Amino acid sequence: MTFIPADDEDFFLRVAEALSGCQLVEQELKLYIAEAFDLVRKCVAGQLPFKLSGDDYQESSLEKLIGVYRKLCDNESLVARLNTFKDERNFLSHKAITHCMDPEQGLSLPAVVDLEPRLSAIANEARQLRLAIHEEANKFRGNLYFDKAGDVG
C-alpha cells in the first residue's frame, strides 16, 4: 500500500517515525558497548585498570558507534548491515525531506511516493538490527550478570 500524506505534517511525522527506529538502533549499540566494557572490567578486576565506559560514547555518531561495536563483536555480516543502514539513515536524516520539497510548490507528492519504500525499508531494517544487536549481547550477558559455575563456592 502506498503512503500518500494528507498534508506536509503527515509526511514529516512519517519521516520522524522512520527516524525513531534509527535512534533505537543507536541506543542498542550504546547498550551493547556499555555492557561489553562492564564485562571486560569484571574480567580484569584487580589485575588491570580498565576505565573505558559506555558513558564515553553517549554522544557518539552512528558511524563511531559502529566502529566501536565492530571491535567488540565478531559478527562481520551484522557490521556490514549496520554500515549499509548508516548510509540510508544519513540520507533519511539529512536529505530526505529536502529531496521531497519543491522550492516553489512545497511538498512534491511524486517524490514522497517514491520515498515511501525507503521509509518502510529503513523502519523494518531498524527493527531487525536492534534485535540482532540484542541477540549478540545475549551471548555474553550471562557472564556479565552471573558468576561462572566453576567460580561459585
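As the structure is a prediction and not an experimental result, all values here were calculated from the model. Position 1 is the first residue of the sequence; numbering continues from there. Just so you know, these numbers use all the heavy atoms, side chains as well, and skip hydrogens, waters and symmetry mates.
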Which residues pass the ring-ring contact (aromatic ring centres under 6.0 Å, His included) test with [X], sequence neighbours left out?
X	result
Phe12	none
His134	none
Tyr32	Tyr69, Phe140

Among all residues two or more places apart in sequence or in another chain, which pass the side chain to side chain contact (heavy atoms under 4.5 Å, CB included) test with [X]?
X	result
Asp87	none
Phe50	Phe37, Val40, Arg41, Val44, Leu52
Leu24	Arg130
Asp74	none

Sequence neighbours left out, what passes side chain to side chain donor-acceptor pair (under 3.5 Å) with Lys139? Give chain and number order. Glu136
Who pairs with Thr98 by side chain to side chain donor-acceptor pair (under 3.5 Å), at least two apart in sequence or on another chain? none
With a 6.0 Å cut-off (strictly less than), is the heavy-atom count around CD of Glu76, excluding the residue itself, greater than 12?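 Result for CD/Glu76: enclosed.
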Which residues pass the salt bridge (charged side-chain N to carboxylate O under 4.0 Å, His left out) test with Arg70, sequence neighbours left out? none
Apply the test side-chain contact (heavy atoms from CB on, under 4.5 Å) to residues Phe91 and Leu115: give CA-CA distance (whole Å), side-chain angles for both, the deciding distance (0.1 Å), then the verdict. CA-CA 11 Å; Phe91 169 78; Leu115 182 64; 3.7 Å; yes
Scan residues 51-68 for pairs that pass salt bridge (Lys or Arg N to Asp or Glu O under 4.0 Å), counting only residues two or more places apart or in two chains.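 Qualifying pairs: none.
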Which residue pairs pass the salt bridge (Lys or Arg N to Asp or Glu O under 4.0 Å) test when at least one of the two sits in residues 20-34, sequence neighbours left out?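 Non-adjacent pairs meeting salt bridge (Lys or Arg N to Asp or Glu O under 4.0 Å): Glu26-Arg89.
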Once rounded to the nearest 0.5 Å, what's the spacing between atom CD1 of Ile133 and atom CD1 of Ile33?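 Going from the CD1 atom of Ile133 to the CD1 atom of Ile33 covers 9.0 Å.
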To the closest 0.5 Å, what do you measure between SG (Cys73) and CD1 (Ile66)?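 The distance works out to 12.0 Å.
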